[in-house]
2 protein chains.
Amino acid sequence: MPDEFQLDEQACFALYAASRAVTDAYRPLLGELGLTYPQYLVLLVLWESDARPVKEIGEALHLDYGTLSPLLKRLEANGLLTRARLPEDERTVVISLTEEGRFLRTRAAGVPSAIGCALGLDDASRRELITTLRRLTASATAYSLGGPDAQP
Amino acid sequence: MPDEFQLDEQACFALYAASRAVTDAYRPLLGELGLTYPQYLVLLVLWESDARPVKEIGEALHLDYGTLSPLLKRLEANGLLTRARLPEDERTVVISLTEEGRFLRTRAAGVPSAIGCALGLDDASRRELITTLRRLTASATAYSLGGPDAQP
DNA sequence: CAGAAATACCTTGCACACGATGTAATCGTG
DNA sequence: CACGATTACATCGTGTGCAAGGTATTTCTG
């Protein structure tokens, strides 16, 4: 019987390695734009719909405030976005793109297709991979929240 | 036509999110053993074959010295392994498990199956996922090394 | 065999990621 | 309406990851 500790048999390691390899592929492209991959993800969210509270960005990317707060501060320092308290609710901070932040989208126009090419996946296997990974993410998240033997 | 910037359509983000979700699932289990996920990966490598140079561990996990050196120092400080220069080649540092490091394997016996269960993948889709991810990793790595338009 | 190149590793600096803790604002309840 | 709970966010500490730069040891080359 196979060794359950065998690295090659573990989907988790394949996932971990693939994730870093893909981020590596992004690095030179995003470096041209002065961005890291997580910063690029934040911009994707904002390009899709601007002026959102930090909470929504965190939900979209599954990132907590401890990660987002300093990241957003760096993007603000680079002139890509602004932070403003909501008058109706002084607790929430709304993140809005600056003109420069909106313009960066045109400079990033080639990135998705370049990466799509780098991954070397046809459209069908890409969709299937996304489906599998989403199921896996949901399953792992449920496990984390509920614990190995959760009793509701 | 679909927006190429759409977060939901990007395999990269699914990968990034899944990788972190899986690491989250490991955290409580490994926390019991006083380990992080990358530290656990190093032990997997050493449990498979002990007394290896840092270079080999890095190749197995696709990690560089900048990550491994401090990580190995922490594992050494925790009494799980030792570092020794090779007499034949004073440049290389050989990492060997201590008695405690070897024993930890028995305490970690339940981890792989617990995670396997948490991911909720049957054996077939797990293997298929690993295959897809390995192709993807190879493709992304080749892209990173060769550049978008490499001319050998 | 001397000097150059390569190798193995280490350290530093920066940017995530996450747990834990703190704070101000709002909400819910009696 | 007082006051405890909740919410939204910030900060701090620790541990990765990676680029860049440094050192010591070996290997290669002329």
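So you know, we letter chains A, B, ... as the sequences are listed, proteins then strands, and number each from 1. It should be emphasised that the depicted structure is a prediction, and the values quoted were computed from it without experimental measurement. FYI, side chains are in, hydrogens and waters are out, and symmetry mates aren't considered; it's all heavy atoms of this structure.
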In whole angstrom, give the distance that lies between atom [atom1] of [X] and atom [atom2] of [N].
{"X": "B:N78", "N": "D:dT14", "atom1": "CG", "atom2": "P", "answer": "14 Å"}
{"X": "B:I57", "N": "C:dC10", "atom1": "CD1", "atom2": "P", "answer": "11 Å"}
{"X": "B:K73", "N": "D:dT14", "atom1": "NZ", "atom2": "P", "answer": "16 Å"}
{"X": "A:K55", "N": "D:dA10", "atom1": "NZ", "atom2": "P", "answer": "14 Å"}
{"X": "B:L33", "N": "D:dG15", "atom1": "CG", "atom2": "C1'", "answer": "17 Å"}
{"X": "A:L30", "N": "D:dA19", "atom1": "CG", "atom2": "C1'", "answer": "16 Å"}
{"X": "A:R74", "N": "C:dG13", "atom1": "CZ", "atom2": "P", "answer": "17 Å"}
{"X": "A:R27", "N": "C:dA15", "atom1": "CZ", "atom2": "P", "answer": "12 Å"}

* Given C:dC18, D:dC9, D:dG17, the nucleotide with the shortest approach to the side chain of A:R20 -> D:dG17
* Asked: Nearest to the side chain of A:P38, which nucleotide is it out of C:dC9, C:dC16, D:dC9?
  -> C:dC16
It should be established whether [X] places a side-chain nitrogen or oxygen under 4.0 Å from OP1 or OP2 of nucleotide [N].
{"X": "B:Y37", "N": "D:dG15", "value": "no"}
{"X": "A:Q39", "N": "C:dA15", "value": "no"}
{"X": "A:Y16", "N": "D:dT16", "value": "no"}

Hey, is the main chain of [Y] close enough, under 3.5 Å, to the side chain of [X] for a donor-acceptor pair?
{"X": "B:S139", "Y": "B:R135", "result": "no"}
{"X": "A:R85", "Y": "A:R91", "result": "yes"}
{"X": "A:S69", "Y": "A:Y65", "result": "yes"}
{"X": "B:S19", "Y": "B:L15", "result": "no"}

* Mind checking whether A:Y37 and A:Y26 have parallel, tilted or perpendicular rings, split at 30° and 60°? -> tilted
* Residues from residues 59-72 of chain B lying under 4.0 Å of DNA chain C - heavy atoms -> B:Y65, B:G66, B:S69
* What parts of residues 80-96 of chain B reach DNA chain C, counting only heavy atoms under 4.0 Å away? -> B:R83, B:R91, B:T92, B:V93
SB check [X] [Y] (cutoff 4.0 Å):
{"X": "A:D89", "Y": "A:K55", "answer": "no"}
{"X": "B:D24", "Y": "B:R20", "answer": "no"}
{"X": "B:E99", "Y": "B:R102", "answer": "yes"}

* The single option from A:L97, A:L104, A:T98 passing side-chain contact (heavy atoms from CB on, under 4.5 Å) against A:E100 -> A:T98
